[in-house]
Amino acid sequence: MGAKFMKKFYLTTAIDYANGSPHLGHAYEKVLSDVIVRHRRLLGVDTHFLTGLDEHGQKVQQGARAQGMEPQERCDLIAEEFIVLLDKLRISHDDYLRTTQDRHKRVVRSLLQQLYDRGEIYQAEYSGYYSSRAEQFLQEKDKVDGKWPEIFGEVVEVTESNYFFKLGQYQEWLIEFLLENDDFIQPEFRRNQVLEFLKEPINDLCISRPRERLEWGIPLPFDESYVTYVWFDALVNYVSAAGFGDEGFDSLWPADVHVIGKDILAPPHSVYWPIMLKACELPLPKSILVHGWWMISGAKMSKSTGESVDPLELIDLRGADAFRYFVMREMTVGQDADFSLERFDSRYHADLGNDLGNLLSRILNMTARYCDGKVPEATIAEKPESDLANLWDEAHVGARQLFDEYKFNLGLEKIFVFIRGINRYVEERSPWKLAKSEAVEDRAKLETSLAFIVEALRLGVALLAPVMPGVNDQVNKLLGIAATTLWEDDLVWDHRLAGNSLGPKTILFPRD
RNA sequence: GCCAGGGUAGCUCAGUUGGUUAGAGCAACGGAAUCAUAAUCCGUGGGUCGUCGGUUCGAGUCCGACCCUUGGUACCA
């Protein structure tokens with residue numbers, strides 16, 4: 001009835017925790033998400049891309065205090081750092097949600113109130129071992145040789161009243177849902193881990209902290225002496241950013257993809273979140289895409305070992321597109337991957353510099369030398385030309401299929417098989433030899449070969465657009481056309497560049 | 001312990017429902033070429049497909065056991 005909102009393809013990343021500077025893992029998740037969204041846009045899909053920052057909680061409060069700042073002040077600084085990273089990475093997000101924004105707090109409180117009114121939330125005593133030095137409750141597993149380690153200082157048994165969300169009653173429903181929707185969690189083996197996790201009974205979820213213990217949070221609407229804790233704050237960002245309660249909500253929610261790391265799959269995104277939505281009578285997201293971790297020499301990255309890689313340095317050194325290419329080319333989505341500067345340089349030099357960048361250099365140069373910088377007409381079509389065209393068909397059909405399946409590493413490999421194929425074609429025709437000939441037919445071959453090389457390069461770069469938007473833009477400018485916007489139009493081999501004046505000789509990926 | 005991923009050329013990885021001499025890129029080596037960022041192209045070498053056993057006419061591909069490695073086992077992307 002009437003004007004209905006068109007449902008957009010709505011993708012979210014996990015929101016980053018405002019407790020430290022961005023590192024490789026943060027950068028990777030953003031790039032992966034951005035590539036998926038750009039891919040959809042190139043397919044003509046209307047998209048909405050959300051990312052953001054999780055600003056509440058004890059660690060943030062403590063971190064601020066340690067630096068003699070107000071929590072909000074420190075969050076503002078960290079938000080700035082993350083936003084700089086997003087810009088540098090050419091992330092094309094539509095919205096940036098910070099959990100301290102009113103639009104978010106309002107929705108969190110509204111959902112909590114609804115659930116409270118419906119009896120989904122109750123108050124109960126919680127007792128456990130509390131370390132005042134660490135300002136947290138400890139688990140049995142924190143014990144060493146049956147005793148609390150020194151670092152926790154004095155540990156006392158404390159009984160505290162808190163609010164709980166009735167999670168447990170939905171366990172059977174959730175298991176059934178996951179069994180029926182086998183593509184809800186991708187890759188599939190991650191779903192199996194969740195089902196395994198759900199074999200044990202799950203407890204109700206403690207969703208509050210008394211304010212005397214944690215001030216930096218969103219107060220419960222039905223009891224202002226508590227703030228809500230972690231997941232009822234953080235997870236809700238996906239619906240609060242979509243404008244829950246507003247007109248446009250249905251045009252975004254349910255989300256199509258939540259992109260997250262494997263560490264926050266079970267239980268937060270695979271258990272708490274679906275159950276929270278179910279209890280709120282909201283539709284569930286279509287899918288959760290779970291990526292792996294970057295390892296450094298096989299070891300997990302962490303700030304504590306000082307081994308973390310600063311993505312900003314790499315971007316400054318090699319450029320955003322090179323960084324994006326590297327992480328998408330090396331990581332099988334869902335698995336872990338190893339990071340090393342040697343591998344980064346190898347990809348940078350071999351794939352980007354030698355195969356792609358050098359190809360651009362030579363075609364720009366040859367066109368300038370042999371054809372006054374104007375793209376000539378293709379007038380003949382012999383075996384080398386049909387071989388190249390066939391290779392293109394194979395490459396783009398294959399790459400598009402692989403991109404659809406989130407197999408970006410394999411898709412990129414396919415594209416570079418094509419790029420290398422163009423170089424092979426260049427050798428086969430050897431325009432520099434043809435240019436020395438006076439024969440009319442050699443002139444035709446020369447012009448045809450340059451036309452084919454330019455066209456093939458245009459297509460290759462169009463296919464790389466989701467991963468390397470900057471290079472796409474730059475190369476297209478040099479070819480005298482606008483950046484690739486729609487694959488349906490731009491992946492067609494049609495020699496549209498004939499007559500265009502090419503730009504000046506350009507080094508895309510300089511050697512040191 | 002339990003669960004899951006991985007274990008294929010020096011390195012990073014592909015290998016569809018089991019089928020002829022196991023593939024790619026990088027690295028190494030030899031050659032061609034000179035338009036180009038000393039880039040490109042052609043060719044060569046290199047693997048008992050973690051181990052043992054089983055099913056089968058036939059297994060990297062299925063089954064079992066074991067070994068190594070990474071991760072999860074309630075709150076670090």
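Letters A, B, ... mirror the listed sequences (proteins, then strands); counts begin at 1.
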*Is A:Arg362 salt-bridged to A:Glu427, cutoff N-O under 4.0 Å?*
yes

*Heavy atoms under 4.0 Å, any strand shown: does A:Phe509 hit a base, just sugar-phosphate, or nothing?*
base

*Write down the distance separating the C1' atoms in B:C49 and B:G6, rounded off to the nearest Å.*
14 Å

*Sugar-phosphate, base or nothing in reach of A:Ser430, heavy atoms under 4.0 Å*: nothing

*asked:* Heavy atoms only, 4.0 Å cut-off, all strands: where does A:Pro187 land among base, sugar-phosphate and nothing?
replied: nothing

Dump the pairs, protein N or O against N or O of nucleotides 23-26 of chain B, anything under 3.5 Å, distances to one decimal.
from	atom 1	to	atom 2	distance (Å)
B:C26	O2'	A:Ser346	OG	3.2

_Please report the distance separating the P of B:U12 from the corresponding atom of B:C66, rounded so that it comes out in whole Å._
28 Å

*Distance, C1' atom - from B:A38 to B:A32, rounded to whole angstrom*: 15 Å

_Distance between P atoms of B:G60 and B:G23 (Å, rounded)_ = 13 Å

*Is A:Arg511 touching bases, backbone alone, or none of the nucleic acid, heavy atoms closer than 4.0 Å?*
base

*Quick one: stems for RNA chain B, with Watson-Crick or G-U pairs under 3.5 Å, at least three in a row?*
B:1-7 with B:67-73, B:10-13 with B:23-26, B:28-32 with B:40-44, B:50-54 with B:62-66

_Sugar-phosphate, base or nothing in reach of A:Tyr370, heavy atoms under 4.0 Å_ = sugar-phosphate

_Interatomic distance at C1', B:G15 relative to B:U55, whole Å_ = 22 Å

*asked:* For A:Tyr325, run the ring-ring contact (aromatic ring centres under 6.0 Å, His included) check against A:Phe416, A:Phe344, A:Phe408 and tell me which one passes.
replied: A:Phe416

*Distance, C1' atom - from B:G43 to B:U48, rounded to whole angstrom*: 27 Å

*How would you label the contact of A:Phe416 with the nucleic acid (heavy atoms, under 4.0 Å): base, sugar-phosphate, or nothing?*
nothing

*If you look at every strand shown and take non-hydrogen atoms under 4.0 Å, does A:Arg190 touch a base, only sugar-phosphate, or nothing?*
nothing

